[in-house]
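Here is the structure we will look at, set down as structure tokens.
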Amino acid sequence: MQIHGLSTAPNEALVSWQGEALAVGVFSGDAGHAVRAALAQRFGAGLEHRLEQRRFKAKAGECLSFELLEGSPALLILVGLGEPEDFDLLALRQAAASISRCASNAQDLGLALPLDGQDADTAAAVISEAVRLTLFSDQRFRSESEPAARLESVTLFGMPAGAIDTAQASAAICAGVTLARELVAAPPNRATPEHLAATAGELASEHNLALQVLDAAACEALGMGAFLAVGQGSELPPRFIHLTIPPRGEVHRRVALVGKGITFDSGGYNLKTAGGQIEMMKFDMGGSAAVLGAARALAELRPEGLELHVIVASCENMISGHAVHPGDIVTAANGKTIEINNTDAEGRLTLADALVYASRLEVDTIVDLATLTGACVIALGEEIAGLWSNSDTLADALIEAGRLGGESLWRMPLRKSYKEGLKSPLADMKNTGPRSGGSITAALFLEDFVAKDIHWAHLDIAGTVWSDKPRGCDPAGATGFGVRTLVNWLLQGGAS
């Protein structure tokens, strides 16, 4: 969604602003009296009577709209903010999202929300992001498109003029989220490994980036037996993608983002069933979508001193006469042998070779994102991603970046004793451990393929990459989860 006009105005202008839709956040109780008085000054005492009729208590999430048949604005939107002490950055984002849905058919919007104790730049960026992302609508696969949102310009009341620069920069983040959403939402007959490689090619061409795409033969030459084993049952050839954003100025940070790129996961011979959501396994490349989306944003924003490597080992996990068997033993690029005791634990095999490849680039930090385990969904649900890391500083920085982006992360343990469950009687390790603690043993498996001197974090986004209903500024369907966290983290300095 493109907002062509973004401006600021003092709070006093709220009583005289002329536009199609005016939206105001109202705290509950005594804290909301000043705003209600300003609205009564603008729209008359009858407004308070109408609010009483509609039983408007300004509870968090409560939203009312009034069509005003004469004059300007033609639409008044009031969104409840609850108690001031409960109003945080996430609540600010959700309030802006609610307003955007109500105002989508207006051409211009005046929007008055409190800063929630944040600085004006942060608040303006959050509101701008929420408005843009809420109005996203994917019409690519419809024979007849639904009417698009009309909203083109937004005036932010109570924001200093300087906050606009930060808010406008959020357009690049939103473009990255949109790319990730479109990749995840696309059907598996469109979003193939070749399509992911082509998407990386488009980014490289548009933003002057370096790109290397390895075919199966090149991956075999590098010893990527784990990655190639997963893709050997598919008729679609695998693609190993390495996209590089060169530094602006002297290099201060060398970072690799690694995304799981399984474009469809049948489960292999450990076949998924309908109850296992086989029909939704197009979203198993959500990690690759997130890192490519982050690359789209960062290629435009170009934080100074950052050399960024974006890596995706992409293939399908299918069944055929060539497919990997349960019980096969494969060798990863670092020489470790893996007994595949479950062909549906395929993502960690592709990530193993990708992490070895990333480590050989001599980066300072590696962050991988993957829709890796159902166990993480059971543990944290659909709104919180799991985070494992060998660095407290990196973990804290990612959690804070997620908070700024409206994406919740929860740090999980790397309990070394659980690694006993990955022991194999024949090979160096198995690809799965016992059912209990499954998301932890998956993270411990990945850690084995990261060089010891590299700061590393693993984000399991299995529950957060897709939503069955709108959630905040995310639509039903693909959420683009992870892009905002990664971009915010790297813009804030990428602490590791």
Q) When the ring planes of F87 and F27 are compared, do they come out parallel, tilted or perpendicular, using 30° and 60° as the limits? A) perpendicular
Indicate the ring-plane relationship of H458 and W456, choosing parallel, tilted or perpendicular according to the 30° and 60° boundaries. parallel
Between [X] and [Y], does at least one N-O distance fall below 4.0 Å, as a salt bridge requires?
X	Y	result
E382	K469	no
E362	R254	no
R181	D138	no
E346	K260	yes
R253	D364	no
R411	D392	yes

According to side-chain contact (heavy atoms from CB on, under 4.5 Å), who are the partners of L380, at least two apart in sequence or on a separate chain?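 In terms of side-chain contact (heavy atoms from CB on, under 4.5 Å), with neighbours along the sequence ignored, L380 is linked to C376, I384, W410, M412.
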Taking the side chain as C-beta and beyond, is there a heavy-atom pair between [X] and [Y] under 4.5 Å?
X	Y	result
T432	R348	yes
V324	V230	no
W388	S439	yes
L486	V291	yes
P247	E307	yes
L490	L301	no

Checklist entry - For residues 352-361, which residue pairs qualify under salt bridge (Lys or Arg N to Asp or Glu O under 4.0 Å), counting only residues two or more places apart or in two chains? => result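 As it turns out, there is no salt bridge (Lys or Arg N to Asp or Glu O under 4.0 Å) pair with a partner in residues 352-361 once direct neighbours are skipped.
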Do we see a donor-acceptor contact under 3.5 Å between the side chains of T192 and E194?
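No pair is found: no donor N or O on one side chain lies under 3.5 Å from an acceptor on the other.
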Notebook entry, point to check: Looking just at side-chain N and O atoms, do N317 and S266 make a donor-acceptor pair shorter than 3.5 Å?
Noted result: no
Could you walk me through whether D284 and K272 pass the salt bridge (charged side-chain N to carboxylate O under 4.0 Å, His left out) check? CA-CA 13 Å; D284 213 18; K272 291 182 184 291; over 6 Å; no
